[in-house]
Protein chains: 2
Amino acid sequence: MPRKMLKKRAGPHNSTRTLKGVIDEETALKLSELFKALADPTRVRILSALRNGEACVHEITAAVGMSQSAISHQLRYLRNLRLIKHRRQGRHVYYQLDDAHIRDLFNRGLDHVKHG
Amino acid sequence: MPRKMLKKRAGPHNSTRTLKGVIDEETALKLSELFKALADPTRVRILSALRNGEACVHEITAAVGMSQSAISHQLRYLRNLRLIKHRRQGRHVYYQLDDAHIRDLFNRGLDHVKHG
DNA sequence: TGTTTATATGAACATATATTCACATAAATA
DNA sequence: TATTTATGTGAATATATGTTCATATAAACA
């Protein structure tokens, strides 16, 4: 018997339905941590700066227009979550997105903001 | 002349390259606000509870295992950002994801957390 | 109409977080 | 080796944020 056919109950809502598909706490925490990395304007701008390839810290700093220290802190944050990777070349350190996954996620969010 | 052919410069890095494609501050803010909505374990679990369709507040509350007040606050948060929509039926208020976009974004993040 | 059930909300509080400041490390050059 | 350039980092601080508590609204029922 489909749900829609059930006679509308009066009185207290005796819901026996247990919601299915709620993710467990640990997964929820990890997922929220991933999104948290994208939940700050400075980090978003850093990531957007890396969409087209790698860039070194002072290029990123100039592009984002924030103090080098702030940028470094955020780069570390993103690095710890493996959203970006880096390589050293002499005095410079070049950063880039860790994989296409991240770019996708970013672009999908951007899409939603711009349209829809 | 391709970049790779340029002789490696010594001395201070006189970078004339201006990073292309950095999104503007306003877009960055909006984008970060979108991701911020997904950047909390409780909100993540609420959204996951709504992946399979609508649910009313006390169903969500039971599923997520948090106080009704906390859930209501977070529902309002998600509502204000238009990530969910609601309809009232008698004493109950049913919530559901606002559109497929949101589900996609959520699932994509979840994918990244579970695998690669 | 008074009570119960369902949901919403403001204020308070504790915690998390982003930036700044001062300084540390590291590599290249004079 | 002393200095300059590039980047990293700990502590401090101000602000943002999530939950709780008390209470409000709203609908249904006795």
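Order of the sequence lines sets the chain letters (A, B, ...), proteins ahead of strands, with each chain counted from 1. Given the structure is predicted, the values throughout are model-derived calculations rather than measurements.
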Rounded to the nearest Å, what distance is computed from the [atom1] atom of residue [X] to the [atom2] atom of nucleotide [N]?
X	N	atom1	atom2	result
B/Glu33	C/dA18	CD	P	14 Å
A/His86	D/dG8	NE2	P	7 Å
B/Gln89	D/dA27	CD	C1'	12 Å
B/Leu29	C/dA18	CG	P	14 Å
A/Arg45	C/dT19	CZ	P	12 Å
A/Leu38	C/dT17	CG	P	14 Å
B/His92	D/dA26	NE2	C1'	12 Å
A/Asn80	C/dA18	CG	C1'	15 Å

Sugar-phosphate only, base, or nothing, as touched by B/Gln74 at under 4.0 Å among non-hydrogen atoms: sugar-phosphate

Sugar-phosphate only, base, or nothing, as touched by A/Ser67 at under 4.0 Å among non-hydrogen atoms: sugar-phosphate

Which residue lies more 5' along DNA chain C, comparing A/Asp40 with A/Gly90 via nearest heavy atoms: A/Asp40

Residue met sooner reading DNA chain C from 5', once A/Arg88 and A/Tyr77 are mapped to nucleotides: A/Tyr77

Among D/dT5, C/dT7, D/dT7, the one nearest B/Cys56 by side-chain distance: C/dT7

Residue B/Val57, side-chain heavy atoms: nucleotide from D/dT19, C/dT7, C/dA28 that is nearest: C/dT7

Would you check if [X] and [Y] make a side-chain contact, meaning some heavy-atom pair closer than 4.5 Å?
X	Y	value
A/Leu110	A/Lys114	yes
B/Asn80	B/Arg76	yes
B/Leu19	B/Val22	yes

Residue-phosphate contact under 4.0 Å: [X] side-chain N/O, [N] OP1/OP2:
X	N	result
B/Lys36	D/dT17	yes
A/Arg79	D/dT9	yes
B/Ser69	D/dA22	no
B/Arg76	C/dG10	yes
A/Arg91	C/dT25	no
B/Tyr95	C/dA6	no
B/Tyr94	C/dA6	no

N/O donor-acceptor pair, side chain A/His73 with base C/dT20, under 3.5 angstrom: yes

Check: B/Gln68 side chain, C/dA8 base, donor-acceptor under 3.5 Å: yes

A/His58-D/dT7 aromatic stacking (under 5.5 Å, under 30°): no

Side-chain (B/Glu59) to main-chain (B/Cys56) donor-acceptor, under 3.5 angstrom: yes

Geometric class of the A/His101/B/His112 ring pair [parallel <30°, tilted 30-60°, perpendicular >60°]: perpendicular

cation_pi(A/Arg43, A/Tyr77) dist<6.0 Å, angle<=45: yes

